[in-house]
Amino acid sequence: MQKPLLTIPRALAIRLLHELQVHGDAACGLVSADAIHPLKAGADAAALLAGLGARAWAAYDAGMPHAQFKSLRRLLLSVETAPELRGVLKMRCYENALEQPLTILENT
């Protein structure tokens with residue numbers, strides 16, 4: 001079994017998935033150890049990345065990665081809409097275009 005590439009607190013995962021619910025396909029931003037940093041419409045992505053520097057764990061999006069964030073690992077947020085799933089929110093982690101294990105800590 002592969003070691004998880006990224007381990008995040010459950011509360012942070014919930015905030016990420018909430019971003020998807022609120023912003024849909026436009027959800028995009030960066031993740032640091034304890035917060036998400038949404039990229040607002042018209043905002044400077046390079047400035048957001050520079051401001052976080054090494055604290056940026058990953059970039060998140062809902063289907064189209066931002067060009068400024070391609071050097072980071074990627075969290076892809078999606079909704080599975082099969083009738084038996086009834087809109088399950090999903091999160092996947094990618095590094096160098098390969099899906100990697102992602103762990104969500106329960107009690108943090």
Side-chain angles (χ1 to χ4, degrees):
M1 184 172 171
Q2 276 185 311
K3 181 180 177 186
L5 176 67
L6 184 64
T7 302
I8 63 174
R10 185 172 193 269
L12 192 59
I14 290 168
R15 283 184 279 184
L16 278 165
L17 295 174
H18 178 72
E19 278 291 302
L20 177 63
Q21 289 175 314
V22 171
H23 299 290
D25 290 344
C28 178
L30 296 174
V31 180
S32 64
D34 58 355
I36 60 170
H37 308 271
L39 180 63
K40 302 199 185 315
D44 185 353
L48 178 61
L49 184 56
L52 284 174
R55 293 186 310 130
W57 276 358
Y60 69 89
D61 65 82
M64 195 61 183
H66 195 284
Q68 293 285 335
F69 303 153
K70 288 194 180 211
S71 64
L72 298 171
R73 66 183 57 93
R74 177 181 181 209
L75 294 176
L76 176 61
L77 309 177
S78 64
V79 176
E80 298 293 325
T81 56
E84 68 275 9
L85 297 176
R86 297 193 291 178
V88 173
L89 293 164
K90 295 182 91 177
M91 187 179 336
R92 293 190 171 119
C93 180
Y94 293 88
E95 187 158 46
N96 300 323
L98 297 174
E99 188 167 1
Q100 302 292 330
L102 172 69
T103 298
I104 297 173
L105 298 174
E106 289 295 322
N107 297 323
T108 58

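None of the values given here were measured: they were computed from a predicted structure. Note that the numbering runs from 1 along the sequence shown for the chain.
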Asker: Starting at CD1 of I104, measure out to CG of L17 and round the result to the nearest 0.5 Å.
Answerer: 7.0 Å
Asker: Treat each ILVMFWY residue as a node, draw an edge where side-chain heavy atoms are under 4.5 Å apart, and state whether L77 and L12 are in one component.
Answerer: yes
Asker: Where do F69 and C28 come nearest, in terms of heavy atoms and distance?
Answerer: CE1-SG, 4.1 Å
Asker: Atom CZ of R74 and atom CD of E99: how far apart are they, to the nearest 0.5 Å?
Answerer: 11.0 Å
Asker: Got a sec, which residues hit side chain to side chain donor-acceptor pair (under 3.5 Å) with Q68, two or more places apart in sequence or on another chain?
Answerer: none
Asker: For the residue pair A62 and G24, what are the closest heavy atoms and their distance?
Answerer: CB-O, 3.4 Å
Asker: Keeping the roles fixed (side chain from R73, backbone from W57), state whether a donor-acceptor pair exists under 3.5 Å.
Answerer: yes
Asker: When clusters are formed by joining ILVMFWY residues with side-chain heavy atoms under 4.5 Å apart, either directly or through shared neighbours, do I8 and L20 land in the same one?
Answerer: yes
Asker: To the nearest 0.5 Å, what is the distance between CG on L48 and NE2 on H37?
Answerer: 7.5 Å
Asker: State the NE2-CD1 distance between H18 and I36, to the nearest 0.5 angstrom.
Answerer: 8.0 Å
Asker: With rounding to the nearest 0.5 angstrom, report the CG to NZ distance, L75 to K90.
Answerer: 14.5 Å
Asker: With a 4.5 Å heavy-atom cut-off, do D61 and H66 have their side chains touching?
Answerer: no
Asker: Which residues satisfy the side chain to side chain contact (heavy atoms under 4.5 Å, CB included) test with D34, sequence neighbours excluded?
Answerer: S32
